[in-house]
Amino acid sequence: MEEIRRPDNMVRITTPELAQAFVEEQVAAARAQIGDGRVLLALSGGVDSSVVAAILIKAVGKQLTCVHVNHGLLRKGEPEQVIRVFRDEMNADLIYVDAVDRFLDKLAGVTDPEQKRMIIGGTFIDVFAEEARKLDGIRFLAQGTIWPDILESEAGIKAHHNAGGLPEDMQQFELVEPVRILYKDEVRLVGKALGLPDNMVYRQPFPGPGLGVRCPGAITRDRLEAVRESDAILREEFEKEGLAGKVWQYFTVVPDFRSTGITDGKRTFEWPCIIRAINTTDVTEVTVEHLRPEFMDHLVERIIREVPGINRVLYDFTPKPPATVEYE
Ligand code: XMP
């Protein structure tokens with residue numbers, strides 16, 4: 001039976017000192033659990049798996065192997081940052097898998113949102129399992145499971161990402177879950193204590209299927225690139241505007257239709273780019289962030305000028321309900 005209460009003596013981590021003490025405790029616990037064994041981690045670059053990686057690098061160094069799968073639906077600069085932080089700076093054993101073509105080829109022509117999610121999730125597991133099979137003597141599987149995942153799976157809301165989705169021959173791995181008793185804000189403080197960069201620690205939520213759900217309908221490489229470029233501009237501008245740590249989630253969507261425009265006296269026929277910026281405490285209800293009109297003008301100007309294929313920029317003013325956060 002899974003323990004569904006945080007330990008009674010668990011102090012809420014609210015200060016850098018408590019975060020540091022937690023790190024030391026978990027490093028010792030991981031060493032005791034792993035001994036001289038080998039451990040594998042799927043490292044997405046999100047805060048949870050990054051914190052787990054940093055704890056285990058401290059605990060067991062090269063006995064940890066991280067696998068970073070680039071499925072082609074990551075944000076601009078993300079794979080490069082994972083390699084820089086973990087391989088170059090922390091000296092981790094990191095396997096980078098460029099699976100972009102494999103994912104995008106499988107997704108070609110697929111329009112149904114749930115089918116897209118299934119292809120992305122299923123292919124991810126296939127790629128990760130293939131990498132695991134190339135390695136000898138792995139006994140442990142590390143995961144960035146956090147406390148809300150456990151509560152949600154207990155309440156039947158969602159199955160938290162665990163070994164259950166993995167093929168039979170990987171099911172016998174023993175799990176290592178150093179942040180499983182933490183809430184998100186605590187994970188972030190622990191990430192700070194471990195010296196991870198702020199843009200990794202204070203990262204906004206990002207869905208597993210990545211930019212795939214922001215390229216509605218059948219994903220094409222050119223439209224996906226328009227999503228990635230406009231997202232990068234939005235993130236850079238929100239940073240400059242001082243909104244990066246304040247707004248819960250902000251992103252762009254490029255839907256699969258075109259409209260007429262005019263540039264330098266010539267007719268264009270291109271996609272619109274939709275901006276969405278929302279606030280929430282628990283994502284069941286969200287409100288829309290209202291931006292300064294001059295800031296909006298600036299966003300429109302940059303996106304139109306810099307992103308190929310876009311001739312119109314729209315702002316989504318719809319709260320949840322009735323709209324969900326993502327478009328698929
Ligand atoms: P919705 O669109 O359901 O989004 O209002 C609520 C929050 O969940 C994120 N989201 C996902 N996260 N896999 C994820 O890991 C998914 O398939 C997924 N779909 C939505 C969304 O970004 C928002 O923060």
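Counting starts at 1 for both ligands and their atoms, in listed order. Just so it is clear, the values below take in all heavy atoms, side chains as well, and ignore hydrogens, waters and symmetry mates. Positions are given from 1, in the same order as the sequence printed here.
When only interatomic distances are considered, the shortest N/O to N/O separation between Trp248 and ligand 1 does not fall below 3.5 Å. An N or O contact shorter than 3.5 Å links Val325 to ligand 1 by distance.
Ring pair Phe317/His290: centre-to-centre distance below 6.0 Å.
Contact atoms of ligand 1 toward Pro209: 13 (N), 16 (C), 17 (O) (distance under 4.0 Å to a heavy atom of the residue). In summary, the atoms of ligand 1 found under 4.0 Å from a heavy atom of Arg117, numbered by their order in the structure, are 16 (C), 17 (O), 18 (C), 19 (N).
Look at Arg221 and Asp105 and you find a salt bridge, because one of the NZ, NE, NH1 or NH2 atoms lies within 4.0 Å of a carboxylate O, short of that distance.
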Please walk me through it: do Asp93 and Gln63 pass side chain to side chain donor-acceptor pair (under 3.5 Å)? CA-CA 8 Å; Asp93 179 20; Gln63 287 164 252; over 6 Å; no

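Donor-acceptor pairing under 3.5 Å is lacking for the side chains of Tyr250 and Asp231.
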